[in-house]
Amino acid sequence: MLDAVVVGAGPNGLTAAVELARRGFSVAVFEARDTVGGGARTEELTLPGFRHDPCSAAHPLGVNSPAFRAMPLDRYGLEWLHPELPMAHPFRDGSAAVLARSVAETAASFGPRDAGAYRRLIDPFLTRWDTLLHDFMSLPLSALPRDPVTLARFGLVGLPPSTLLMRRFRDERARTLFAGLVAHVIAPLGGLATSAVGLVFALAAHARGWPVARGGSQSLSDALAAYLQDLGGAIHTDYEVKRLDDLPPARAYVFDTSPTALARIAGLGGYYAGFRYGPGVFKIDYALDGPVPWTAPEARRAGTVQVGGDSAEIGAALRAVSREGRAPERPFLITVQPGVADPTRAPEGKHVFWAYGHVPHGWTGDLTDAVERQLERFAPGFRDRVLARATAGPPELAARNANYVGGDIASGAASGLQLLLRPKLSLFPYTTPHPAVFVCSSATPPGPGVHGMPGHNAAKAVWRRLRQEP
Ligand SMILES: Cc1cc2nc3c(=O)[nH]c(=O)nc-3n(C[C@H](O)[C@H](O)[C@H](O)COP(=O)(O)OP(=O)(O)OC[C@H]3O[C@@H](n4cnc5c(N)ncnc54)[C@H](O)[C@@H]3O)c2cc1C
């Protein structure tokens with residue numbers, strides 16, 4: 001009998017498996033696809049020699065993750081490559097606000113009226129960042145907070161809606177960049193705790209940057225898998241789990257899946273019936289004949305570029321998909337150009353480029369034209385550089401990965417109380433009514449992104465249970 005079986009080899013499944021194997025438990029992972037990685041993969045999606053990340057590409061949460069930082073992943077081939085600027089947000093006048101490593105440079109890009117307000121917002125948390133992130137990512141209390149005072153102060157600033165926090169800024173440059181940061185979780189700007197979302201991304205940039213992984217996000221997954229195998233763990237790919245009986249006998253079953261799939265596979269009935277899925281995304285991977293011709297010079301030096309005219313336009317795009325059930329005419333875009341830091345992704349002089357916009361849950365239309373019209377506003381001539389494109393809307397994303405129900409890349413709406421308390425209102429989100437069944441996917445706290453913390457926290461719940469048993 002194995003100690004633990006993990007279903008799904010995404011970043012959280014692999015992290016949970018590693019954490020258990022490091023503590024001497026026997027572990028096997030079963031993955032539906034033919035390679036490990038889930039949302040951290042790399043594939044030649046368009047033309048030979050163009051290595052695309054179909055899902056995650058920028059890793060502010062990965063490089064800052066307390067779980068990944070405690071593992072020797074560099075020895076297994078993971079190398080973070082830092083663009084000159086973590087992120088830029090270009091404007092129509094050819095200028096840009098930037099999220100730089102330096103707080104001063106970032107503040108300066110907002111203009112003199114908001115520079116001080118930004119420094120006053122960021123500085124108190126940046127000095128306590130490592131402890132704060134550890135405490136924040138361990139909520140709801142899988143570990144006692146190391147610095148409860150700073151965590152409480154962060155709660156006071158982070159729990160209110162981002163629309164309130166943005167009132168600290170007098171000009172549109174800071175507001176727009178901050179609105180874009182909040183939009184990474186696809187939640188309306190006025191939602192609970194959306195200030196915390198924007199703050200975490202900004203603090204992550206100042207602390208350790210927003211790198212890409214050399215060779216693509218697959219190298220993170222491959223490093224986790226190689227480390228797991230060195231620790232004695234086994235990995236079985238091409239193995240879709242449909243029932244618990246498909247798995248070998250084990251003392252614990254840990255699911256890196258959606259709550260819906262888990263309930264079906266483990267026979268939990270309506271236990272997660274209240275779980276809500278959120279809007280989807282429409283993703284385009286481009287092979288380009290050269291770099292993106294951004295008008296703003298700063299955008300040419302940034303790994304990630306947010307595209308959205310101003311905070312009102314971003315808010316309207318989020319409302320359209322979350323509340324009005326329609327695709328926005330001017331979608332807010334998150335784009336990543338790994339080639340500014342990693343020359344290995346495309347043949348010499350060519351580039352891979354990645355963009356997605358938000359669409360309603362399960363949307364079946366084609367957003368390509370709206371995405372490219374939006375890009376042309378800030379990078380005229382973009383379309384002329386396109387050699388090939390691979391598009392994926394909600395149905396294709398869900399077919400690629402069962403966790404992206406209706407194209408929801410967060411595996412569950414990251415809005416309202418469910419942003420913090422997922423997949424149920426519970427102090428023990430990683431356990432289920434079945435004593436041997438646990439959940440570790442991004443449907444659990446601290447939620448979406450490639451950082452492995454749901455896997456780390458879930459593993460802790462598993463090893464505590466296993467150690468209690470004879
Ligand atoms: C287009 C896109 C862009 C993104 N960009 C970023 C980004 O830049 N930065 C970032 O940090 N995050 C990004 N994300 C989010 C990130 O990829 C996810 O939050 C993260 O991968 C979640 O990890 P996970 O381990 O919980 O699940 P997943 O990565 O989804 O992995 C789940 C795994 O379980 C497998 N599985 C599911 N059901 C079964 C079953 N029944 N049997 C066997 N195996 C099963 C799946 O095949 C998959 O491999 C992006 C996601 C998408 C889709």
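Each ligand, and each atom within it, is numbered from 1 in the order the structure gives.
- Looking at V36, V6, T15, V18 one by one, the single match for side chain to side chain contact (heavy atoms under 4.5 Å, CB included) with L228 turns out to be V18.
- Using the six-membered ring where Trp is involved, Y277 and H361 have ring planes that are tilted, between 30° and 60° apart.
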So what's ligand 1 close to, N/O to N/O, under 3.5 Å?
unit_1, atom_1, unit_2, atom_2, d
ligand 1, 8 (O), A57, N, 3.1
ligand 1, 8 (O), A58, N, 3.3
ligand 1, 8 (O), A58, O, 3.3
ligand 1, 9 (N), A58, O, 2.8
ligand 1, 11 (O), V450, N, 2.8
ligand 1, 17 (O), G39, O, 3.3
ligand 1, 19 (O), G449, N, 2.7
ligand 1, 25 (O), P11, N, 3.2
ligand 1, 25 (O), N12, N, 2.9
ligand 1, 25 (O), D256, OD1, 3.0
ligand 1, 25 (O), D256, OD2, 2.8
ligand 1, 26 (O), N12, ND2, 2.8
ligand 1, 26 (O), D256, OD1, 3.1
ligand 1, 26 (O), S442, N, 2.9
ligand 1, 29 (O), G39, N, 2.7
ligand 1, 30 (O), N401, ND2, 2.7
ligand 1, 34 (O), D256, O, 3.4
ligand 1, 41 (N), V241, O, 2.9
ligand 1, 42 (N), V241, N, 2.9
ligand 1, 44 (N), A32, N, 3.0
ligand 1, 47 (O), E31, OE2, 2.7
ligand 1, 49 (O), E31, OE1, 2.6
ligand 1, 49 (O), E31, OE2, 3.1
ligand 1, 49 (O), G38, N, 3.4
ligand 1, 49 (O), R41, NH2, 3.4

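- A search for side-chain hydrogen bond (donor to acceptor under 3.5 Å, both in side chains) contacts involving Q374 returns E313, R377, not counting sequence neighbours.
- Annotation: F201 is in aromatic contact with H184 [ring centroid separation under 6.0 Å].
- Partner of S217 under the side chain to side chain donor-acceptor pair (under 3.5 Å) criterion, chosen from H59, H52, R41: H59.
- Taking the six-membered ring for Trp, F438 and Y430 have ring centres at least 6.0 Å apart.
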